[in-house]
Enquirer: 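Handing you this structure, nothing more for now.
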Amino acid sequence: MAVSTDRPAAAPARGDQRAARTLATRFLGYATLVFFGLVFLYPFVIQIASSFKTEPDAAANPLSPFPDPLSLAGFERIFAGTNFPLWLGNSLLVTVLVTLGRVFFDSLAGYALARLRFAGRGGLFAAVIAVMAVPGVVLLIPKFLVLNQLGIYNSYAGLVVPLLADAAGVFIMKQFFESIPVSVEEAARIDGASIFRTFWSVVLPMAKPALITLTILSFQGSWNEFPHSLVSVQDPDLFTLPRGLADLVSGSLGSGTQYPLKLGAALLATIPVAIIFVVFQRYFVRDANDGADKG
Amino acid sequence: MATETLTAVATAPGTSPRRRRGGVRGNENLAGWLFVAPVIVILGLFLLLPILMALWVSLIDWNGQGSPFTGDVPFVGAHNYTQLFTEDGLARRDFMTSIRNNIYYVAIVVPAQTVLALGLALVVNNRMLKGKSFFRSAFYFPSVTSSVAISVVFLFLFANSGAVNALLGFFGIDGPEWFADSRGVLHLLLGAVGVDSPPAALTDGGPFGLTWWDWLAGPSVAMISIITLVVWTTSGTFMLMFLAGLQNVPVTLDEASTLDGASAWQRFRHVTLPMIRPTTFLVLTLGMIGSWQVFDQVYVMSQGDPAKTTLTPAYLSYRTAFRDFDYGSGAAISFVLFLIIIVLTLIQRRALAERDTDRPRRGWRRRRVPERS
């Protein structure tokens with residue numbers, strides 16, 4: 001980093017010296033922020049710019065944030081020359097179904113684990129905690145085996161059903177339900193409401209912040225999900241966006257590197273999550289800190 | 001589980017009135033199981049059952065044809081495992097190469113992302129700076145994007161005529177062909193000080209079928225580009241964890257040490273760092289657990305090439321099963337990887353449990369991030 005850290009050598013008075021030091025610290029702070037801001041954001045700038053460049057321009061001026069000339073050829077070929085619209089449709093379908101499933105099933109289980117007293121609850125919760133530690137990548141072959149055995153390999157069911165519940169979501173919901181006062185639902189129960197009715201019309205409405213968090217996490221998780229689609233489907237008609245994108249990059253596209261096309265497709269795949277991130281940022285932040293406490 | 005006992009105490013007062021109405025308890029038993037049933041079915045069917053099935057497959061020699069659960073498939077016992085460790089051959093060489101690659105990967109990624117995350121957190125936590133929330137989001141944004149999409153971007157950045165080489169060109173450095181360069185970084189460093197050919201002592205032999213010279217290659221140039229990508233994407237998440245940790249450092253403590261004349265470095269070293277030790281430990285262990293699972297980036301960017309220097313156990317198990325149709329061997333690699341990760345997780349949980357007994361738990365509230373200016 002080319003930032004000067006020199007402090008003014010001789011300040012006349014103590015106060016001046018401290019002010020100068022504060023100024024220097026502040027300058028250094030901003031310089032660091034801006035430098036890392038560029039490191040973290042400029043790749044996206046390059047991505048956006050390059051997807052609007054012509055292929056020779058992208059190769060000749062990889063750092064330039066301005067396409068010259070501006071070209072939509074990459075995007076035209078994304079829609080005309082690849083299965084992008086199909087992947088988009090599949091991704092949307094999978095994401096919506098998985099998100100709905102996770103929000104519903106995880107909150108049901110989370111509520112039961114937090115509030116209902118039933119035999120085996122402690123053991124079940126321990127199991128949920130244990131399951132959270134199982135790393136996804138070691139499950140690639142196992143998942144393929146079970147999907148094959150159940151006869152849903154290479155189908156929408158294979159793509160969606162295994163993702164319909166997740167242990168981390170159950171954990172988040174359980175923690176939240178434990179934090180809301182029990183008195184309201186007790187009143188509902190005493191008034192004769194059934195357990196499900198109490199859960200559905202009394203407890204769930206109070207759980208809105210946790211439900212939003214879970215919705216966003218599920219959306220982001222299933223939209224970006226790659227390894228599962230790799231082992232659950234083979235038919236190009238069932239590819240989701242990440243799978244199609246990976247195929248696009250590793251497969252042969254004919255001549256040239258086609259970077260504008262590839263970057264454009266990656267950009268389109270990133271936009272939905274980017275919008276959600278900007279709008280619901282604080283819920284993402286909360287997730288990261290849940291992670292911090294999960295242990 | 002600490003949470004468990006806490007819940008029991010919290011719900012205990014509700015027990016007596018309900019019990020009077022009889023049957024409610026039994027009702028709750030049924031409802032409880034009904035409520036958790038969908039999750040149990042899905043996780044059981046697609047998580048626990050698969051693990052058991054894969055355990056079986058790792059003991060047989062299945063090539064993907066027909067069902068692995070009939071008597072037709074030859075049972076080979078521990079052979080799929082022994083060929084990874086004790087029998088000299090391609091399987092062991094590939095597996096040990098992937099382990100070597102991943103060790104170097106962990107050795108660079110974990111310290112780099114931890115230091116970067118802590119540094120970013122310290123800057124973003126600075127009370128004197130404005131516009132911090134924008135930068136906090138900017139640093140965190142790469143973590144939420146699709147690993148595949150980001151890998152595509154980095155393929156372009158590290159292309160021969162890409163942005164990274166263009167940037168190096170500004171400084172007069174002729175950048176390498178990142179994804180074609182299988183030379184190990186340590187070998188390159190040795191070459192720079194004049195050691196061009198390996199000493200015979202190191203090429204004669206070594207543990208597990210790789211020569212000492214191969215073990216000491218360091219990460220390849222190609223691996224460095226993947227390492228860069230991963231550090232770049234994960235630092236934001238860990239920065240948020242450090243930020244949460246820094247919130248717990250009392251401002252008064254910081255001020256007191258300033259009045260005592262401590263320099264910024266002394267304050268960091270003797271006040272901040274000890275206060276956030278649990279977070280640092282968490283970040284280090286989560287980083288280690290995560291870096292043994294690198295898969296998506298390898299799949300998209302290098303497929304284990306060049307010269308197998310970006311092969312990782314996760315990717316090798318996938319490739320062995322789905323490209324070479326040796327499912328038994330692939331499953332065995334998965335289980336060895338599983339074991340590595342589980343051991344790391346247990347170490348982490350034990351240490352966290354010790355930490356938690358010192359501190360009262362306060363449920364959801366504590367998890368919430370205080371609003372920052």
Side-chain angles (χ1 to χ4, degrees), chain A residues 26 29 32-33 37 40-41 43 46-47 59 62-63 105 108-109 112 116-119 122 131 133 135 137-143 145-146 162 164-165 170 175-176 178-179 182 186 195 220 224 226-227 242 245-246 249 259 262-263 266 269-270 273 277 281 285-286 288-290 292-293 295, chain B residues 4 7 14 28-29 31-33 35-36 38-39 42-43 46-47 49-51 53-54 57 120 123 126 128-129 135 137-139 142 144-146 148-149 152-153 156-157 161-163 166 237 240-241 244 282 293 295-296 300 314 318 321 330-331 334 337-338 341 345 349 352 363-364 367 369:
Chain A
R26 203 173 273 185
T32 315
L33 279 182
F40 280 86
L41 290 182
I46 292 180
Q47 180 189 17
L63 275 172
F105 293 142
L108 269 181
L116 304 180
R117 281 157 294 126
F118 59 99
V131 158
V137 287
V138 307
L139 287 175
L140 292 179
I141 300 167
K143 263 191 191 164
L145 291 172
V146 100
L164 281 179
V170 174
Q175 295 301 112
F176 186 82
E178 277 173 355
S179 76
V182 76
E186 301 237 291
I195 294 178
Q220 181 230 1
N224 292 343
F226 173 64
L245 209 54
V249 177
Y259 273 119
K262 292 173 186 171
L263 291 170
T270 310
V273 173
F277 177 73
Q281 233 192 85
V285 174
R286 177 180 295 166
N289 287 295
D290 281 341
D293 258 5
Chain B
E4 214 35 44
T7 328
E28 232 172 73
N29 224 334
W33 280 101
F35 272 41
V36 292
V39 170
I42 291 167
L43 293 185
F46 297 104
L47 220 129
L49 179 65
I51 293 176
M53 286 167 78
V57 168
L120 293 176
V123 180
N126 190 329
M128 288 193 291
L129 303 178
F135 287 104
S137 307
F139 302 154
V144 304
T145 56
S146 147
V148 175
V152 174
V153 175
F156 176 65
L157 295 182
S161 61
T237 311
L240 289 186
M241 292 183 187
L282 185 84
Q293 303 183 42
F295 176 83
D296 300 10
V300 176
Y318 167 82
S334 296
L337 179 61
F338 196 4
I341 294 171
T345 309
R349 289 199 174 166
L352 286 180
W364 178 262
R367 275 156 226 291
V369 185

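Throughout, a chain's letter reflects where its sequence line sits, starting with A, and its residues are numbered from 1. Computed from a predicted structure; not experimentally measured. Because only heavy atoms are used, hydrogens play no part in the values below, and waters and symmetry mates are left out as well, while side chains stay in.
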Enquirer: Select, from Val123(B), Val36(B), Val144(B), Val39(B), the one with the greatest count of heavy-atom pairs under 4.5 Å involving chain A.
Expert: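 That would be Val144(B).
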Enquirer: Hey, is the main chain of Leu116(A) close enough, under 3.5 Å, to the side chain of Glu28(B) for a donor-acceptor pair?
Expert: no
Enquirer: Counting heavy-atom pairs under 4.5 Å to chain B, which of Ala112(A), Pro43(A), Gly29(A), Pro162(A) comes out on top?
Expert: Pro162(A)
Enquirer: Heavy-atom pairs under 4.5 Å with chain B: which of Val273(A), Leu140(A), Leu145(A) has the most?
Expert: Leu145(A)
Enquirer: For Thr145(B), is it the side chain, the backbone, both or neither that has a heavy atom under 4.5 Å from a heavy atom of chain A?
Expert: both
Enquirer: Using non-hydrogen atoms only, which part of Leu47(B) is less than 4.5 Å away from chain A: side chain, backbone, both, or neither?
Expert: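 Looking at Leu47(B), backbone and side chain both touch chain A.
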Enquirer: Is the Phe139(B) ring parallel, tilted or perpendicular to the Phe40(A) ring (thresholds 30°, 60°)?
Expert: tilted
Enquirer: Where on Phe105(A) is there a heavy atom nearer than 4.5 Å to chain B: the side chain, the backbone, both, or neither?
Expert: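 Phe105(A) touches chain B through backbone and side-chain heavy atoms alike.
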Enquirer: Got a donor-acceptor contact below 3.5 angstrom from the Asn29(B) side chain to the Ala119(A) backbone?
Expert: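 Side chain of Asn29(B) to backbone of Ala119(A), a donor-acceptor pair under 3.5 Å: yes, one is there.
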Enquirer: If you tally heavy-atom pairs under 4.5 Å against chain A, which of Phe295(B), Phe35(B), Phe338(B) wins?
Expert: Phe35(B)
Enquirer: So what's closer than 4.5 Å to chain A heavy atoms on Leu43(B): side chain, backbone, both or neither?
Expert: side chain
Enquirer: Check ring-ring contact (aromatic ring centres under 6.0 Å, His included) between Tyr259(A) and all other residues, then give those that pass, not counting sequence neighbours.
Expert: Phe156(B)
Enquirer: I need the residue from Ala163(B), Ser334(B), Gly162(B), Ala54(B) with the largest number of non-hydrogen atom pairs under 4.5 Å to chain A.
Expert: Ala163(B)
Enquirer: So for Leu139(A), is it side chain, backbone, both, or neither that comes closer than 4.5 Å to the heavy atoms of chain B?
Expert: side chain
Enquirer: For chain A, which of Thr345(B), Leu157(B), Asp296(B) has the most heavy-atom pairs under 4.5 Å?
Expert: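 When all of Thr345(B), Leu157(B), Asp296(B) are compared, Asp296(B) has the most.
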